[in-house]
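Everything on this sheet refers to the single structure shown next.
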Amino acid sequence: MSEPTFADFGVHPDICAALKDLGIVHPFPIQAMTLPVALGGHDIIGQAKTGTGKTLGFGIPILQRVATPTDAAYADLPKPGRPQALAVTPTRELAVQVARDLERAGARRGVRVLTVYGGRAYEPQVDALRKGVDVVVGTPGRLIDLAKQGHLDLSGARTVVLDEADEMLDLGFLPDVERILSMTPASRQTMLFSATMPGAVVALGRRYMSQPTHIRAVGDDQDDSKTVKAIEQFVYRAHAMDKVEMLSRILQARDRGLTMIFSRTKRTAARVADDLTERGFAAAAIHGDLGQGAREQAMRAFRHGKVDVLVATDVAARGIDVENVTHVINYQCPEDEKIYVHRIGRTGRAGNTGIAVTFVDWDDLPRWGLISKALDLGIPEPEETYSSSAQLYADLDIPEGTTGRLPKSSQTRAGLGAEQIEDLGETGKSSGRRGQGARGGHAPKRADSPPTRDSAPRSRTRRRTHGAAQGGGAA
DNA sequence: AAAAAAG
């Protein structure tokens, strides 16, 4: 009657122990379904909702199938620059995160994981490859570059994973991905993972696999909706001129933890972050026009709660896993239903609840119609909403009297601007001007009590996109 | 058309 553990699935004791160190004992459904097939070396197309454990679903098999110095077969295996496994991701930050997860889970096995991606100096990555590495995680451009220069040899990659596979097999990436796969052994194990897996992509993916098992974990939602039930979704008609005003009121909602705001363009992301900062919020932007250092600095500041608002393009829509993200706001309507699913999936992860808000302006109406239909959200056209609307305040639990500017008295968090964020930079070139303004790092509000499935359902009347009953403890 | 990914 007790829940199965990783050991029950034949996971190596060192990996079980490392997972236990991380507080992970019982496999999530996608992991339980994947492990028996993947540990046997078979190809897999794995689909599971956002935030339900896909990374370890392919990560554990990777780590387990890698030979380590204690294995007999190890002697002639690792040559410089010749990893035993490869994972490819569509963005650099996701590569960093996946590598971090693999490193943690593989720590006790002594698995050497290397992240390889552009925007960073070439030499350190070359040096690390030369020293020897078991698993490489990277983005396509730099992987190809390193392989072309002869620093990376993929002929020993027995296991290859395409994370966010539908994106990796999309037009923009396909040629690169094909090229990478062509450098790996034909006998490799191939695994494709994503929360969104259109039939056409599955069909395309099969071309690069041999007799793959298609695994679809329903998750613990016990339904066939494509979005996570624990994410409460709201949609408003918004006017461009009123959006920042609406935003800054939403950011003052009760029980707001970390918040991600998505825009469709880099310019808008930058502008919104500026606007919010000017209004007293602790916000950072992340998008592809920033240098890689600034991108990672923004991620770090957000993960550590030095800023509690991250304004992003779709560079951060997929895969990014930050604890305590309670709100996702689509400042601009996402392009399609896949991006919608991924964006809102930055919250409501690993059993937590979340709130997703989408602004739909006049131009977006047809687009939103398609999204709503594709996901079967079953909701009427979004209602006209203004920053001062009672509906907005009630839906999102915004205190009465809230205005569009953070009151001076509560600007403590905002006080830590550039200087403190800079302190997080790895170059450590802080100018020694710390200490003025806000003192000490302030934890983001309510960091101590993230909402979980077990927390009491909030009982206000609200307009929901999901018709189903209030989702508090649906477990 | 935009974003991402090599520089």
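Chain A is the first sequence line, chain B the second, and so forth, proteins listed ahead of strands; every chain is numbered from 1.
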Pairs meeting criterion salt bridge (charged side-chain N to carboxylate O under 4.0 Å, His left out) with involvement of residues 238-252 of chain A, two or more places apart: A:Lys243-A:Asp361, A:Glu245-A:Arg249, A:Glu245-A:Arg279

Segment of DNA chain B, first to last nucleotide, that comes within the 4.0 Å heavy-atom reach of chain A: B:dA1 to B:dG7

With A:Phe193, which residues qualify under ring-ring contact (aromatic ring centres under 6.0 Å, His included), at least two apart? A:Phe58

Would you indicate what A:Arg318 reaches in the nucleic acid, counting non-hydrogen atoms under 4.0 angstrom: base, sugar-phosphate, or nothing? nothing

Under 4.0 Å between any heavy atoms, over every strand shown, what does A:Gly172 touch: base, sugar-phosphate, or nothing? Just pick one. base

Which side-chain N or O atoms in residues 199-215 of chain A pair as donor and acceptor under 3.5 Å with protein atoms at least two apart or in another chain?
| from | atom 1 | to | atom 2 | distance (Å) |
| --- | --- | --- | --- | --- |
| A:Tyr208 | OH | A:Glu178 | OE2 | 2.6 |

Sequence neighbours left out, what passes side chain to side chain donor-acceptor pair (under 3.5 Å) with A:His342? Give chain and number order. A:Thr196, A:Arg318

Residues in side-chain contact (heavy atoms from CB on, under 4.5 Å) with A:Arg349, at least two apart? A:Thr50, A:Asp321, A:Arg346

